[in-house]
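Structure first, then comments.
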Amino acid sequence: MAEPAAPLLEEPLLRTWARGLVIAAVAAVFLAYAGPFNTGEGPFATRLVYWGVLMLGGAIWGRAAGLWLTRFPVFEGRLWLTAAVLTVMIAIPGVFLVWDFTSVMFQQPLMLATLPFFIIPVVGVSAIMTVISMAADRRPRETHAAAGDAPRFLERLPLKLKGAEIYAVSAEDHYLRIHTDRGSDLILMRLADAVDELQGLEGAQTHRSWWVAKSAVTGAERGDGRAVFTLKSGEKAPVSRTYARVLRREGWY
């Protein structure tokens, strides 16, 4: 029962493993104190060892399973699919391990008839820890400059924007507004598809509805607790709290 790696993890591995173990340790202390699933009947020290072993062991297995999943393109960008598969990968062995470990720690007979009672708690805790972990590991989708062919997205520029420098792309209902040094215009397209086609330009998705070119950022400020990028055009591009920390570490501001 514990936490996995996020898809397409790009941070230094030591940092992501450390963060995962800290999350698991905090969860273990909380569960030991709360004593859910009838564990509250035992001494606190026993509960702390019990939850500590389960959560930290699950964290290590979950992290390894998450890293393995990054090898399969089908999981790229599909957070809910990734979370569901990781939950299953953690819960299946977890049910048997928790069943056995509970018997040892609380000195109960190991009976096959009690095994089904562990399924819902193990799946539930595994799912919750998976979601918490993926939220903590979440990174902005990034695009990178590359030699060779121009980004496919340039072919979609309206005639009046052909040859313009792209500052940002923002979602407006079912349309995208392209912000450039020659003004802006709308095209019919999803932001997720646009980010795929913007590969070849150095930039990142700073918000669920914005992609911004790194070269277009002239400043950053905070308003109402949120970071905002100022673009060369003077426009403001929002930066979500989820991505602000990562973008700061990578030198965006």
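Since the structure is predicted, the reported quantities are computational estimates derived from the model, not experimental observations.
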Quiz prompt | Ring-ring centroid check His179 Trp211, cutoff 6.0 Å | solution = no

Exercise. For this output row, return yes or no: ring centroids of Phe229 and Trp252 closer than 6.0 angstrom.
Key: yes

So how far is it from [X] [atom1] to [Y] [atom2], rounded to the nearest 0.5 Å?
X: Asp185; Y: Leu176; atom1: CG; atom2: CG; result: 11.5 Å
X: Thr143; Y: Glu197; atom1: OG1; atom2: CD; result: 12.5 Å
X: Arg47; Y: Tyr33; atom1: CZ; atom2: OH; result: 9.5 Å
X: Ile166; Y: Asp181; atom1: CD1; atom2: CG; result: 10.0 Å
X: Ser209; Y: Asp173; atom1: OG; atom2: CG; result: 11.0 Å
X: His174; Y: Ile187; atom1: NE2; atom2: CD1; result: 15.0 Å

Practice problem: Kindly give the cluster partners of Leu188, where membership spreads through any ILVMFWY side chain lying under 4.5 Å from a current member. | Solution: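 Grouped by the 4.5 Å side-chain rule, Tyr175, Leu186 form the rest of the cluster around Leu188.
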
Practice problem: Quick one: do Leu31 and Tyr50 satisfy side-chain contact (heavy atoms from CB on, under 4.5 Å)? Show the steps, please. | Solution: CA-CA 10 Å; Leu31 291 168; Tyr50 173 79; over 6 Å; no

Self-check item: Val239 and its side chain to side chain contact (heavy atoms under 4.5 Å, CB included) partner, picked from Val212, Val217, Leu247, Val228
Solution: Leu247

Donor-acceptor contact present, side-chain [X] to main-chain [Y], <3.5 Å:
X: Glu165; Y: Ala216; answer: no
X: Thr114; Y: Met111; answer: yes
X: Lys214; Y: Ala204; answer: no

Below 4.5 Å, heavy atoms only, C-beta onward: do [X] and [Y] meet side chain to side chain?
X: Ile60; Y: Trp17; result: yes
X: Met55; Y: Met129; result: yes
X: Leu201; Y: Pro151; result: yes

Quiz item: Mind checking whether Phe37 and Trp51 have parallel, tilted or perpendicular rings, split at 30° and 60°?
Solution: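 Phe37 and Trp51: tilted rings.
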
Quiz item: Under 3.5 Å, is there a donor-acceptor pair between the Ser184 and Tyr167 side chains?
Solution: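 Side chains of Ser184 and Tyr167: no pair found under 3.5 Å.
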
